[in-house]
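Since the structure comes first, as C-alpha cells, the remarks are kept for the end.
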There are 2 protein chains.
Amino acid sequence: MNQRRPFQRAGEEARRTALIEATLDLIAEGGPQAATVRAIALRAGVTPGLIRHYFATKEDLVAAAHETLMTGLTEASAARLDDLPDDPLARLAGFVANAVSPPVTDPRAVALWAASMQLVPRDAAMRKVHEATYLGFRDRLQGMIADALTAAGRRDEDTRALAIAGNALLDGLWIEAGALPDHFQANELKSIAIKAFSRLLDLKLPEV
Amino acid sequence: MNQRRPFQRAGEEARRTALIEATLDLIAEGGPQAATVRAIALRAGVTPGLIRHYFATKEDLVAAAHETLMTGLTEASAARLDDLPDDPLARLAGFVANAVSPPVTDPRAVALWAASMQLVPRDAAMRKVHEATYLGFRDRLQGMIADALTAAGRRDEDTRALAIAGNALLDGLWIEAGALPDHFQANELKSIAIKAFSRLLDLKLPEV
DNA sequence: TGAGTAATTATGCAAGCGTATAATTACTTA
DNA sequence: TAAGTAATTATACGCTTGCATAATTACTCA
C-alpha cells in the first residue's frame, strides 16, 4: 500500500499567501487557464483538496490573488519614489527611466497586468482598482512634470494633458518591452523614453 | 427519431468570418474561457464539428480571430486617410487622430486586445501575428513621420525611435480610452495626441 | 499523556473540454 | 436527372476540470 503523504500544519495566513502566490505565478507563466486547482496545489506544495478548505471556490482564490497583485504594484511604485534625487529634472528623468527598465519591465508583470486588464471592462471591482492605480501613477507623474516645468521657469502649461500623454507613452513602451523583449536593445527603450519626454516637455532631461 | 438538423451550405469565406466573429464576440463578452468550440458554433449558427472543417485546431481559429481584430484596427486607423490632402503633415495628423477616436477606441477592442496579449508570450502563432500587426502599424507610422519631417526640410532624425515612441503614445492612449472611457471628454484624447505629436516631432500638426 | 479537533490528504464524480471520425445531406455538373 | 462530392451534422472518446466528501494525521491542551 502507498504511504499516505506526510504533511505539516501551517498557519492559515501562510497557506493563503502560498496559494495566492502560486496562483499568480501560474497565471503569469501560462495564463489564467494554467491556474487549475491541481496546478496551484502542486506549486504551493499541498494537495488540491486544501484549496477548498481556505477558499470556498476557485473564483474566490483568483479574486484574492488579483487584489494582492494590485496592491503590491501600487506599493512597489510608491516605494521607488524615495530613491530618486531631489533635483526636479533628474527626479523626473529617473522616474521615466525606471518605468521602462527592469525590474519594472518584466514579462511576468505585463502578463499579469494583461490578465487583469481583460477583466476591467466587465468587472466593476477590477475597474475600480484599475482606475485608482492608473490615476495614482498619473498624478505622481503630473506632479513631477509640474515641478520640472516650474524649475525651468515655465508657467501656464497644460500639465494634465502632458501627464496623460507621458503616462500613455510609458505604458506603451512598458507593454511592448514585456511583450516583445527581443525587439529592443538593452537601454534602447530608456534612451527613447528620455528623448521623447525631453521633446514632449521641451526640456532637456539628463540621460540616466 | 429526432430529425437531423437541416442546413444550407455557405461559402468558405462566409463561414470562416462567421466563426471568427463569433469567437471575438464571445471573448469580448466573457473572456477566452467563454469561447469554447460549442459556444462558438452555437453563436455562428453551425454545429461544433464544422469548426474542425475550417480550422485544424481551436488554437488556429483563435489566432485567425486575433489577426482579424488587429488588422481591422490598423485599417480603421488608416481609413479615410485617402480623403485627406496629400500634405504629409495633414496625413499624419489624421492618422494620429483616428487612432485615438471611435471606432478605433472601443472597450470591446481593448478587452479583446488584452485577452490576446496574454497568449502572445507563449503561443508562437499569436506572437507572430502580434509582431506582424505591431510592426505593420509602427512602420506605417514611421513612414508618415519620415514624410512629414522631410517635407519640413528635416534630415538625420532618428525616425525609428520617433516611431517607437509615437506608437507607444498611441497605444497607451488607446488603452486608457477603452478601459476608462468616462475619464476623458469627447475629443480630449484627440487633442492631447495631436499636441503631443507636435512636440515629439517638433512640428506643428494641424488639429483635425 | 491521551482524547479531541482542525488541518490535510485521498478518492471519486459529474460536467465540460477539444477533437477524431462516421453518417448524412445539399449542392454541382455532366 | 443521376452520380459524385464537398459541406455539414452527429456521435463518441479520452482528458481535464472544479468540487464534494470521506479518511487520516498532526497538533493542542486539559
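The model shown is predicted, which means the values in this text are computed figures rather than measured ones. Letters A, B, ... mirror the listed sequences (proteins, then strands); counts begin at 1.
By the 6.0 Å contact criterion, CG on B:Asp86 is open, its count of non-hydrogen atoms from other residues, nucleotides or ligands being 12 or less.
Ranking D:dT8, D:dA20, C:dA7 by closeness to the B:Leu50 side chain, first place goes to D:dT8. Across C:dG18, D:dC19, D:dA26, the shortest atom-to-atom separation from the side chain of A:Arg9 is found for D:dA26. Considering only the side chain of A:Arg38, D:dC19 comes nearest among D:dA7, D:dC19, C:dT19. Of the listed nucleotides (D:dT9, C:dG18, C:dT8), C:dG18 has the atom at the smallest distance from the side chain of B:Lys58. Taking only side-chain atoms of A:Phe7, from C-beta outward, the nucleotide of C:dG18, C:dT9, C:dT25 with the closest atom is C:dT9.
Residue B:Tyr54 places at least one side-chain N or O closer than 4.0 Å to OP1 or OP2 of D:dT8. Regarding contacts with the backbone of D:dG18, every side-chain N or O of A:Arg52 stays at 4.0 angstrom or more from both OP1 and OP2. Proximity of B:His53 to the phosphate of D:dT8: no side-chain N or O atom is located under 4.0 Å from OP1 or OP2. Using a 4.0 Å cut-off, some side-chain N or O of B:Thr36 falls inside it from OP1 or OP2 of C:dC17.
As a whole-Å value, the separation of B:Phe55 CZ from D:dT8 C1' is 15 Å. Per the geometry, CD belonging to A:Gln3 stands 13 Å off P belonging to C:dT11, to the nearest Å. Atom CZ in B:Arg15 sits roughly 17 Å away from atom P in D:dA6 (whole-Å rounding). Distance A:Glu13 CD to C:dA7 C1': 17 Å, rounded to the nearest Å. The interatomic distance linking B:Ile51 (CD1) with D:dT11 (P) rounds to 18 Å, in whole Å. Separating the CZ atom of A:Arg4 from the P atom of C:dA7 is a distance of 16 Å, rounded to the nearest angstrom. If you take CG of A:Leu26 and C1' of D:dG18, they are 16 Å apart, rounded to a whole angstrom. As rounded to whole Å, 17 Å separates atom P of D:dT16 from atom CD1 of A:Ile40.
Between B:Phe137 and B:Phe95, the ring center distance clears the sub-6.0 Å criterion.
Between B:Ile20 and B:Ala64, the closest heavy-atom pair is CD1-CB, 4.0 Å.
Looking at heavy-atom distances under 4.0 Å, A:Glu12 makes no contact with the nucleic acid at all.
Using the six-membered ring where Trp is involved, B:His130 and B:His66 have ring planes that are parallel, under 30° apart on the 30 and 60° scheme.
Mapped onto DNA chain C by nearest heavy atom, B:Pro6 and A:Pro6 fall at different nucleotides, with A:Pro6 at the one closer to the 5' end.
Remark: the A:Arg5 side chain and the C:dA10 base include no donor-acceptor N/O pair separated by less than 3.5 Å.
In terms of modelled atom types and a separation under 3.5 Å, the side chain of A:Asn187 and the main chain of A:Lys190 share no donor-acceptor contact.
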